[in-house]
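Naming convention: chains lettered A, B, ... in sequence-line order (proteins, then strands); numbering from 1 in each chain. Small disclaimer: the values here were computed from a predicted structure and weren't measured.
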2 protein chains.
Amino acid sequence: MNSDFTIAVHSLSYLAHLPDRIAPSDRIAASVSVHPVRVRKVLSLLCKKGYIKSKEGAKGGFELNCAPDQVTLDELYLLTSEGSIKPKFPNPNPQCLIGSNIEKAMDGIFIDLEAQVGSYLKLYTIADVLDRVEKQSRK
Amino acid sequence: MNSDFTIAVHSLSYLAHLPDRIAPSDRIAASVSVHPVRVRKVLSLLCKKGYIKSKEGAKGGFELNCAPDQVTLDELYLLTSEGSIKPKFPNPNPQCLIGSNIEKAMDGIFIDLEAQVGSYLKLYTIADVLDRVEKQSRK
DNA sequence: GTAACTATAATATTATTTATTACAGTTATA
DNA sequence: TATAACTGTAATAAATAATATTATAGTTAC
């Protein structure tokens with residue numbers, strides 16, 4: 001899974017926990033600890049899907065536009081990391097029975113695995129993540 | 001998942017399909033299409049776990065030492081890629097409620113996810129992979 | 001004794017990820 | 001209405017991770 005997923009989950013949780021649910025990319029970036037340009041790139045995906053709205057100009061930023069308990073981690077996985085479970089198959093030898101067929105043979109397994117991962121991640125929402133964050137902070 | 005998994009699965013399938021079930025690293029490497037030194041590195045892990053035996057010297061190589069229908073992909077995943085599902089959390093800000101707790105909050109989710117992945121991969125053996133390779137080759 | 005092999009460490013190369021810079025466009029507000 | 005605070009996005013640079021290569025020592029069949 002790639003770290004755009006981390007950025008998406010962190011950003012949504014961050015916005016959800018703010019009283020006014022809006023923050024500019026540099027503030028979000030400071031919480032996630034990545035570059036603001038990267039935050040904007042990932043959040044632009046979330047904008048397209050309507051999870052957040054972006055406001056340009058002064059006092060702008062990214063504003064939550066969804067119910068935290070309605071957004072599942074599965075959706076964010078698909079948006080940011082779909083297909084990332086399968087490892088690389090670096091040009092196996094086409095002259096060889098195994099080499100020429102193994103990637104396609106494994107593809108079916110990995111497609112189902114992705115579905116498994118999806119159905120598990122569907123059990124968790126941004127609201128759940130926030131709950132866990134709060135529980136963790138009380139430890 | 002990292003590509004050492006690919007190398008492990010490919011190598012075991014490759015050995016299993018050979019009449020004498022033995023081959024040197026450079027032959028395996030030619031089928032997988034990676035460097036022989038890398039094959040030896042990954043296969044040395046499989047040796048330690050007893051899946052194969054290595055024979056040094058002339059006419060040596062790696063010899064299968066297990067029943068292909070008894071080795072599950074789960075075992076090979078754990079050996080080569082355990083923990084690789086979880087994305088990176090690049091030093092989130094310790095001054096922030098979200099930043100200081102999100103990685104630990106997510107850890108629980110990813111631990112369970114790994115277990116899910118494991119239990120799915122347990123459904124497939126090297127023998128199954130070989131079957132699929134053969135079916136694929138007849139398409 | 002030699003050729004064919006494994007084992008493994010050290011280094012180099014390549015690919016991927018991430019950060020940075022740059023700049024055009026938008027908007028609140030002084 | 002000028003300016004500061006923003007987003008959007010492309011281009012480039014830097015850092016990191018993955019992979020290959022080189023080197024060397026040890027083993028074994030013949």
- Rounded to the Å, how far apart are L15(B) CG and dT6(C) P? 11 Å
- Task: Search all heavy atoms of S11(A) against all heavy atoms of I28(A) and return the closest pair with its distance.
- Result: OG-CG2, 3.4 Å
- State whether H35(B) places a side-chain N or O below 4.0 Å from either non-bridging phosphate oxygen (OP1 or OP2) of dT19(D). no
- In short, T6(B) meets K88(A) closest at the heavy-atom pair OG1-O, 2.8 Å
- Message: Without decimals, in angstroms, what is the distance between I22(B) CD1 and dT28(D) C1'?
- Response: 12 Å
- Query: Is any side-chain heavy atom of C47(B) less than 4.5 Å from a side-chain heavy atom of I52(B)?
  - Reply: yes
- Take atom NZ in K86(A); do more than 12 heavy atoms of anything else shown fall under 6.0 Å from it? yes
- Taking all heavy atoms of S31(B) and all of C96(A), pick out the closest pair and write down the distance. OG-SG, 3.2 Å
- With the 4.5 Å side-chain cut-off for hydrophobic clustering, are V37(B) and V42(B) part of the same group? no
- Is it the case that T72(B) and E75(B) place a side-chain donor and acceptor less than 3.5 Å from each other? yes
- Those residues at least two apart in sequence (or on a different chain) that pass side chain to side chain donor-acceptor pair (under 3.5 Å) with N93(A) are none
- When the rotation axes relating C1' atoms of four end pairs to the next four are compared across the helix from dG1(C)-dC30(D) to dA30(C)-dT1(D), five pairs an end, they differ to 10° by 0°
- Query: Using a cut-off of 4.0 Å between protein heavy atoms and nucleotide atoms, how would you tag nucleotides 2-18 of chain D 5' to 3' with B, S and -?
  - Reply: ---BBBBBB-------S
